[in-house]
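In what follows, a single structure is set out as structure tokens and then discussed.
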Number of protein chains: 2
Amino acid sequence: MTRTVIESKTKTVVIGFDEPFCVIGERINPTGRKKLSAELELGDFSTIERDALEQVACGAMVLDVNSGAVFTNKMAEDPRYADNNFVEPPLMRDLITRIQAITDVPLCIDSSVPGALQNGLEAAEGRPLLNSVTGEEERLELVLPLVKKYNVPVVAISNDDTGISEDPEVRFAVAKKIVERAADHGIPAHDIVVDPLVMPIGAMATAGQQVFALIRRLRDELGVNTTCGASNISFGLPHRHGINAAFLPMAITAGMTSAIMNPMRVAEMEAIRAANFLMNHDANGSQWIAFSRIMDAVEGGATFAQASQASQDSGAGRGGRRRRRA
Amino acid sequence: MTRTVIESKTKTVVIGFDEPFCVIGERINPTGRKKLSAELELGDFSTIERDALEQVACGAMVLDVNSGAVFTNKMAEDPRYADNNFVEPPLMRDLITRIQAITDVPLCIDSSVPGALQNGLEAAEGRPLLNSVTGEEERLELVLPLVKKYNVPVVAISNDDTGISEDPEVRFAVAKKIVERAADHGIPAHDIVVDPLVMPIGAMATAGQQVFALIRRLRDELGVNTTCGASNISFGLPHRHGINAAFLPMAITAGMTSAIMNPMRVAEMEAIRAANFLMNHDANGSQWIAFSRIMDAVEGGATFAQASQASQDSGAGRGGRRRRRA
């Protein structure tokens with residue numbers, strides 16, 4: 001049975017076919033968050049720290065940490081800041097250190113800059129998830145040796161030097177190539193978490209069926225765990241959280257075992273909690289019952305983050321929330 | 001490709017693997033609705049008529065019509081009213097006639113009384129769905145000849161003379177027996193809509209996985225359409241509409257093609273509309289976009305029934321709402 005083990009200093013999260021769905025919080029990401037980039041440029045980590053705590057309270061089991069900031073003011077003074085290879089490595093180290101100091105969930109080190117991945121791997125305690133390798137030759141040769149050296153699991157995105165194919169057969173073939181290339185480096189399939197790439201259904205009507213079929217094949221034929229940027233499915237559509245909240249249980253039924261997503265959205269988290277229960281990954285429904293009290297509080301006027309924090313502080317559902325493996 | 005064709009005088013609904021999910025409205029059912037039984041006893045059909053119109057406005061594609069009323073006052077005067085074989089046949093005829101006069105969707109004739117099924121079949125225009133046959137010998141021999149004589153599709157419930165088995169293998173075997181027995185009567189598999197029986201996950205932790213696996217087998221091995229009483233999955237649980245709203249997309253992913261359910265619940269209908277879009281059964285997302293306007297109105301304070309009725313009156317999404325086959 002495929003089990004991808006991710007660890008912080010004190011906690012273990014297992015991504016697997018027989019495990020509750022793994023929610024990887026996506027919010028620690030300055031890409032497209034101009035205000036956040038500006039704060040980080042000034043050495044202000046307060047938003048990052050709040051995002052980390054709130055995501056964990058809302059149910060994130062792993063936190064993705066992306067260092068893709070643009071330091072506009074520094075760039076004007078020093079042209080080296082125009083190069084992400086210069087900006088991201090020290091920023092990744094700082095982000096990991098800060099977040100690790102205030103939370104105990106495992107981290108996912110997310111960058112396209114090899115130096116940032118390296119610094120993240122050095123700074124992270126435990127066994128972080130590396131995000132990501134692709135089927136591009138250069139990426140394979142840069143990232144797989146890091147995966148092997150640090151003995152960590154890695155997200156494998158199904159695009160290659162020809163780009164992102166709209167043909168699911170090609171995306172499956174790319175995933176297969178990455179798994180095989182990893183094996184050449186001595187990396188087992190259970191340490192590869194494939195992202196089959198989710199297209200927006202607003203642009204491609206077959207996108208849902210395509211990804212469900214791909215997830216099933218990745219599970220049945222390659223035996224790998226899967227993840228995706230879940231909200232991409234609803235890009236550009238009205239009431240997109242309703243689409244996301246149906247997509248996640250459907251993908252879980254097809255065999256998807258994790259997603260990189262916003263855990264602060266109650267509709268999506270409700271769908272995942274219900275799907276866990278329906279997949280028999282919530283013993284006695286204790287997680288659902290704890291979550292339903294949070295929903296009661298939300299209906300009473302609290303924000304989801306507040307209600308989740310209050311539930312966490314009271315220790316509700318603590319027993320089942322996270323399996324601890326010392 | 002399996003297609004179960006249900007018709008009213010003017011409309012055709014197809015249950016099928018390549019069709020939008022078929023919502024069968026469950027509300028026209030006096031069982032357990034004491035006030036409704038009392039109204040029907042006085043010949044008052046106003047609640048029935050309102051339920052019919054509101055369910056159709058909210059998105060019911062077929063209306064289930066159950067005649068299981070208990071006429072307490074008449075019973076006190078005339079002991080024949082204690083027998084459902086006396087009460088239901090004329091009531092079914094009246095219900096069908098009344099509902100047919102004000103709506104144009106196909107009907108599902110729902111009774112355990114053979115005389116009520118017979119009267120319903122005589123009163124219904126078009127090609128109604130018969131609900132139901134079971135694997136019980138007596139039911140098989142009573143109902144299958146009606147199905148053959150009137151050339152209608154039938155709901156087949158997976159219990160037999162030994163009751164409802166908790167073992168999905170047994171429930172599959174019962175479904176298979178009904179399909180085979182129907183074939184002996186000259187009834188094709190595409191006219192059998194199997195209800196694999198949904199158990200509450202609150203009582204049986206494996207109930208979700210069990211029914212998903214059963215639906216896949218019924219589809220792959222018997223080639224039949226499926227239905228279920230969807231809300232049973234969440235019986236006894238808090239925030240049960242959240243469970244239902246995850247269950248329906250999951251069952252649809254497994255291959256379920258219809259459900260007998262309450263179409264006036266916005267959470268469940270939102271999940272089904274999203275699942276249709278994700279299964280590529282909503283061309284250009286036009287149904288989703290029309291539905292999202294209804295959700296806007298609900299967020300603005302309208303009831304779901306009001307907002308749905310207003311949308312229907314304005315003709316929104318009419319083009320795609322129902323395929324007409326003359």
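Numbered from 1 within each chain, the chains take letters A, B, ... in sequence-line order. Predicted model only: the values in this text are computed from it and were never measured.
Interface residue B:Glu299: only side-chain heavy atoms are found under 4.5 Å from chain A. Using a 4.5 Å cut-off between heavy atoms, B:Phe212 touches chain A through its side chain atoms alone. Of the atoms belonging to B:Ile233, it is side-chain heavy atoms, and not backbone ones, that fall under 4.5 Å from chain A. Proximity to chain A (any heavy atom under 4.5 Å) is shown, for B:Gln209, by both the backbone and the side chain.
Contact count against chain B (heavy-atom pairs under 4.5 Å) is highest for A:Ala275 among A:Ala275, A:Ala271, A:Ala251. Among the candidates B:Asp282, B:Ile243, B:Asn244, the residue making the largest number of heavy-atom pairs closer than 4.5 Å to chain A is B:Ile243. Comparing A:Ala245, A:Ala274, A:Ser292, A:Gly208 by how many heavy-atom pairs each has under 4.5 Å with chain B, the most go to A:Ser292. Ranked by non-hydrogen atom pairs under 4.5 Å with chain B, the options A:Asp296, A:Leu248, A:Ile289, A:Ile252 are led by A:Asp296. Comparing B:Gly285, B:Gly242, B:Ala267 by heavy-atom pairs within less than 4.5 Å of chain A, the highest count is held by B:Gly242. Your options are A:Leu278, A:Asn284, A:Ile272, A:Val211, and the one with the most heavy-atom pairs under 4.5 Å with chain B is A:Leu278. In terms of non-hydrogen atom pairs under 4.5 Å with chain A, the most contact-rich of B:Ala283, B:Ala254, B:Pro238 is B:Pro238.
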Exercise for review: Check step by step if side-chain contact (heavy atoms from CB on, under 4.5 Å) holds for A:Phe277 and B:Leu237.
Suggested key: CA-CA 11 Å; A:Phe277 197 180; B:Leu237 292 170; 3.6 Å; yes

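The structure places OG1 of B:Thr206 at 12.5 Å from CE of A:Met279, a figure rounded to the nearest 0.5 Å. Annotation: the span from B:Phe291 atom CZ to A:His239 atom NE2 amounts to 9.0 Å, rounded to 0.5 Å.
More than 12 heavy atoms of other shown residues, nucleotides or ligands fall within 6.0 angstrom of atom CZ in B:Arg216. Counting heavy atoms of neighbouring residues, nucleotides and ligands inside a 6.0 Å radius, atom CD of B:Glu221 exceeds 12 of them.
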